[in-house]
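Data block below; observations after.
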Amino acid sequence: MNVSAADIRSVFNVPDAAVAGPSQIKKPTTTVRKPEGMPRELYALIGPSTPALSAQLAKPRLKQKPNFGGIAPRTKWHVSILLSQYFVISYSSDRELRTFKNPARKGDLELRHWEKAGTDSAADYPFAKYDVQPNSYQYSLDEYTRLLEDRDWTKEETDYLLSVVKEYDSRWYIVHDRYNFPGGPERTLEDLKDRYCSVCRKLIRNRPWAGDDASKTLLISSYQFDKEREVTRKKYLKSLEDRTPDQIAEEEALYVEVKRLEQNERRFKRDRENLLRTLAGIDSGLPDIVEDDPLPLAILEGSKTKTKKTKGVAEAESPATPAATPAPTVKKPIKSAAYDAQHCIIRTETPSAAIATKAAHQPAYLRSFKLPAPKAAIAPKVTQALAELGISHTRLVMPTRENALLLDSLIEATTTLVETKRAYDKAEYEIQVLKNRLGVREKSQPAEGTEGKVEGSAGMGVDDVQVGKEAEETEGEDGRAQSILSARSGGRSRKHARRSMSISSVDTVSTRANNKRQKRN
Amino acid sequence: MVNYGGDEVSALVVDIGASSVRTGYAGDDCPKAIIPTSYGYHPAPPDADVTMGDGVENIDPVNKSKFANIYIGQSGPSIWREGMEVGNPVVEGLIQDFNPIKPLIDHALDKIMRVHSSEHPILVTEPTWNTPANRERMAEIMFEEFNVPAFYIANTGVLNAFAAGKGSALVIDVGQSMASVTPVVDGFVLRKGLSHSPLPKLIHAHARHILISPTPHRRGIELLPHQLIANKTLVDAGAPPKFTIRQDRIAGTTESWRIWAETREVDEWVQSVAGVLDQGWNDTVAAQRTTRQYEFPTGYNNYFGIERFQVGEQLFTHSPQLVASNPNLPKTIPQLITEALRACDPELRQVLMGNVVLTGGGTLFSGFADRLTAELTRSFPHTKIHAPGNPVERRYGGWLGGSILASLGTFHQLWISKEEWQEHGKPIVGQRCIH
């Protein structure tokens, strides 16, 4: 392969390996050793470029075999014992068969096992330390009569109980299984445990205590046993187990149904929120919908708290919106009026009906989006009248509340003015018409008195026409803007378009066009 | 070996079952000597001389009254001898006849393992339903006749749980004569939860019935053992067998030996072909399964299909007509489990069902574990069954548990020593062996 690569180089007149790519690293010299554990054939195939593989191929490291002095593996001991019955075997091993005594035993049984020869033969048996006797309580007759009398239990049975508990090391299932007091009533596991624990508690409480109080209460609490609770718990377990397959299936189906509903509800809510956000702007500070019907199932508890939590989060996150926000969260006690004044906070009354339906909901908004506008019909005239004064009502540099109010009154005044003018013009026009008719009639019998008046009105008329032209132009301009608007907003009403964030930019574009035109004027 | 808590004192473990006696060293993974529990004997005539023949055990004076000769081991009952009776000391898992126990254990320890019982502590197993009198008798035999330095008797349920490495388990043990379900908690048997029934006997009887009764497709099968057949010729499947009986032996064959031999033929057939449908009984499924060929000693051979599964099905359900004809049927495995669990604390049930241990040769029916899983998961979704795949571990689980227990360092304080036996007598067995 190397050769063929060199051939290619020579054919293409490529200078030799110096600048060749990383794929043409010189073949490693023979000093690289075959990794251990890899078969020679495999190494010949894959070469030395397999560090990960060789690591895997390395011999698995087994646990070290115990060293028995190199002579007798464990399994041969039996054989040696066997043989030692018939032959005398001398062991050169460093292990020797020794008898030992187990201190955990009472008698003096001596068993034999193999031990290292060098070790101390008098040492304690290493397993004796596991023989731990459980702490058990004894009581005198006097103590019993003073403290432990119980209607249900005789002293004999209590004695028996304590002995059984000691025997089986407080393994209660076993104690209950083996408990068989002749002549005694049938006892449940809880009965036994309750009696035993109460006996122990009373004994500890009434005996002199060497240690501190904390350890005493700790010990007492270790014998705490709530029988009622245990019985209820067991009953519950039993009832859980006694469910028929149908019941289990039904339960499961219900659970799945609940989960599904829950999910649906969550999806609905999310969709609704998204929709409202789209409609009302991103900072709408939507409160969550109040669930009108809390679900009765306890399983839902978790999800309910969750919705509550999200609600709380929404409240916390809702931005410090301007005063106009009708969010119910910013309700502050009245005493903060001074605070409000100091911080220029102005509050508006929230709508009393707090139910947030789509219709009633009024999201947070920027005041500049809600600047008062003249009525659509006469808007061009108002705009024109204001433009004559060098005022643009669509752009308020500082839309404070006062300014907005002022603008509002200005527009109102202008509107009134325009309307008055229109009424006046109408009346004038009628007068004109009537006069003309009169003039036609007076051709037969001319009258001089009205001539001057007509002239004056004619002057006004020219003016009027001019105004009308202007208005038409404005209308046309505005109409174009409108059409763009409608094209972009997909037929949304103008009002909505104003409220929507994305559309409002278009709106501003159109108004800007208006302004430009006005400036040109 | 302190790391593993083991300390070997070269103890021996003796596990006596209905089909075999297992003995071996504690610490080993399988028994050294496995001999059949059944033994052959010539009954002693009231005042006849004892003749010592080939393969005859030494007979001590105690047994002289009953057996003239006793034949034990692999060449015991399975070798035909004129007038030889066959006996089995174990009835329903309990030792009923202690006469042959000493020769049996002697044979295993002395003849096969070649050990002196007086040098080794011995751990013996017992079923949970063993009687106190029985275990005391066993202790007596061990101390008085085998002269052991120390003795302990442990419960097979607990030992099977130990063999599976569990302290708490629900041990399902199907042996040759008894099926039992034993709840074990913390190394102790819950005696109230124990349930057992002679179900394997019924299965055996059923299999025998299937074999000997003629069907439309074949005639009844003769269960003659090979010891009674002189020669046979190869025949096609289903064809009538061609063989010659050893007429010379017929007269000298005893009834008990014939029953023993026939039982063996049936058992061999069951062990070779019988299985369990893993998803409950279904005629079409059973018919679809592959058939298996089996040849009897007579040379008769055939393919067995649906019959294979009818046998195994008896472990789980009884057919309605059988129930109608016999109200006292032994309980099936699911019934035994239900009964055992009902007696247990509700809290324990889940623990036990998570640690089901299958043991005993009777659970080696093919498909048994799968079927049991299917049955149990219906009511306990978290069932986990421990079923050793190694047949030796499955069949000798009790011995294996004993081997583990008797090689633990912490166990050695529990041995009943000879001294204690002499001091306290029989009651010490009940006091010490409390599992």
Side-chain angles (χ1 to χ4, degrees), chain A residues 63 66 74-75 77-86 97 99-115 125-131 167-169 171-180 188-190 230 233-245 248, chain B residues 1-3 5-11 24-28 32 113-116 119-121 149-150 168 183 185-194 341 343-351 378-381 408-421 423-424 431 434-435:
Chain A
K63 205 172 177 187
R74 190 174 60 90
T75 44
W77 295 351
H78 299 313
V79 180
S80 60
I81 295 163
L82 197 70
L83 294 177
S84 65
Q85 294 158 12
Y86 303 99
L97 191 60
T99 60
F100 69 97
K101 278 185 73 172
N102 189 342
R105 297 183 60 92
K106 282 197 191 91
D108 43 78
L109 170 72
E110 290 198 333
L111 297 167
R112 294 186 300 165
H113 65 177
W114 290 87
E115 261 184 281
Y125 185 57
F127 292 102
K129 62 170 183 273
Y130 297 111
D131 182 38
E167 172 96 55
Y168 294 105
D169 206 2
R171 290 182 175 88
W172 285 102
Y173 298 118
I174 317 295
V175 168
H176 177 238
D177 185 62
R178 305 294 160 89
Y179 190 86
N180 181 24
T188 65
L189 200 162
E190 285 74 30
E230 279 293 296
R233 194 173 67 84
K234 291 264 169 80
K235 244 185 219 158
Y236 177 66
L237 261 179
K238 213 167 144 37
S239 72
L240 259 185
E241 224 165 72
D242 288 347
R243 291 172 304 173
T244 62
I248 293 176
Chain B
M1 306 308 288
V2 180
N3 339 357
D7 180 24
E8 309 218 3
V9 295
S10 60
Y25 293 104
D28 278 5
K32 281 266 185 291
M113 290 176 68
R114 300 199 164 271
V115 291
H116 289 298
E119 292 172 358
H120 303 273
S168 302
V185 175
D186 282 350
F188 289 91
V189 170
L190 289 185
R191 291 199 186 135
K192 284 170 186 159
L194 167 78
L341 285 182
C344 290
D345 199 274
E347 217 168 4
L348 281 174
R349 288 175 198 165
Q350 290 298 340
V351 176
R378 245 176 263 154
S379 34
F380 295 91
L408 288 180
T410 44
F411 172 74
H412 300 318
Q413 71 179 79
L414 287 174
W415 293 107
I416 300 167
S417 67
K418 196 171 176 65
E419 180 197 2
E420 283 170 316
W421 169 259
E423 190 180 328
H424 302 280
Q431 287 164 24
I434 54 165
H435 37 77

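Labels below follow one simple rule: chain letters A, B, ... track the order of the sequence lines, proteins then strands, and each chain is numbered from 1.
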Check your understanding: Taking it one step at a time, do B:Glu420 and A:Lys106 satisfy salt bridge (charged side-chain N to carboxylate O under 4.0 Å, His left out)?
Key -> CA-CA 9 Å; B:Glu420 283 170 316; A:Lys106 282 197 191 91; over 6 Å; no
Check your understanding: Of all heavy-atom pairs between B:Pro149 and A:Leu109, which one has the smallest distance, and what is that distance?
Key -> O-CD1, 3.7 Å
Practice item. Starting at OG1 of B:Thr410, measure out to CZ of A:Phe127 and round the result to the nearest 0.5 Å. Key: 7.0 Å
Check your understanding: Checking A:Arg171 side chain against B:Val185 main chain: does a donor-acceptor pair fall under 3.5 Å?
Key -> no
Practice item. Identify which part of A:Glu110 has an atom lying under 4.5 Å from any heavy atom of chain B, answering side chain, backbone, both or neither. Key: neither
Revision key, fill the gap. For A:Lys234 and B:Glu347 the tightest heavy-atom approach is CE-OE1, 3.1 Å
**Study point:** For B:Arg349, salt bridge (Lys or Arg N to Asp or Glu O under 4.0 Å) partners two or more places apart
**Key:** A:Glu241
Review point. So which of B:Leu348, B:Leu408, B:Leu414, B:Val189 has the largest heavy-atom pair count under 4.5 angstrom toward chain A?
Key: B:Leu348
Check your understanding: salt bridge (Lys or Arg N to Asp or Glu O under 4.0 Å) with A:Lys238: which residues, sequence neighbours excluded?
Key -> A:Asp242
Exercise for review: Begin from the C-alpha positions of A:Arg178 and B:Arg191 and carry the test side chain to side chain contact (heavy atoms under 4.5 Å, CB included) through to its verdict.
Suggested key: CA-CA 7 Å; A:Arg178 305 294 160 89; B:Arg191 291 199 186 135; 3.4 Å; yes
Study note, to complete from the structure: Most heavy-atom pairs under 4.5 Å with chain B, out of A:Leu237, A:Ile248, A:Asp131, belong to A:Asp131
**Study point:** chain B contact via A:Asn102 - which portion, at a heavy-atom distance below 4.5 Å
**Key:** side chain
Practice item. Please state whether the side chain, the backbone, both or neither of A:Arg243 comes within less than 4.5 Å of a heavy atom of chain B. Key: neither
Point to revise | Heavy-atom closest pair, residues B:Lys192 and A:Asp177 | key: N-OD1, 2.8 Å
Point to revise | Whether B:Arg378 side chain and A:Pro245 backbone form a donor-acceptor pair below 3.5 Å | key: no
Check your understanding: Counting N and O atoms only, with roles assigned by atom type, does the side chain of A:Tyr173 sit under 3.5 Å from a partner on the main chain of B:Asp186, one being a donor and the other an acceptor?
Key -> no
Point to revise | chain A contact via B:Asp345 - side chain, backbone, both or neither, heavy atoms under 4.5 Å | key: side chain
Exercise for review: Measure the acute angle between the ring planes of B:His412 and A:Tyr125, then classify it against the limits of 30° and 60° as parallel, tilted or perpendicular.
Suggested key: tilted
**Study point:** Most chain B-contacting option - heavy-atom pairs closer than 4.5 Å, from A:Leu111, A:Leu240, A:Thr188, A:Ile174
**Key:** A:Ile174
**Study point:** Side-chain heavy atoms of B:Trp415 within contact of A:Arg105, under 4.5 Å
**Key:** yes
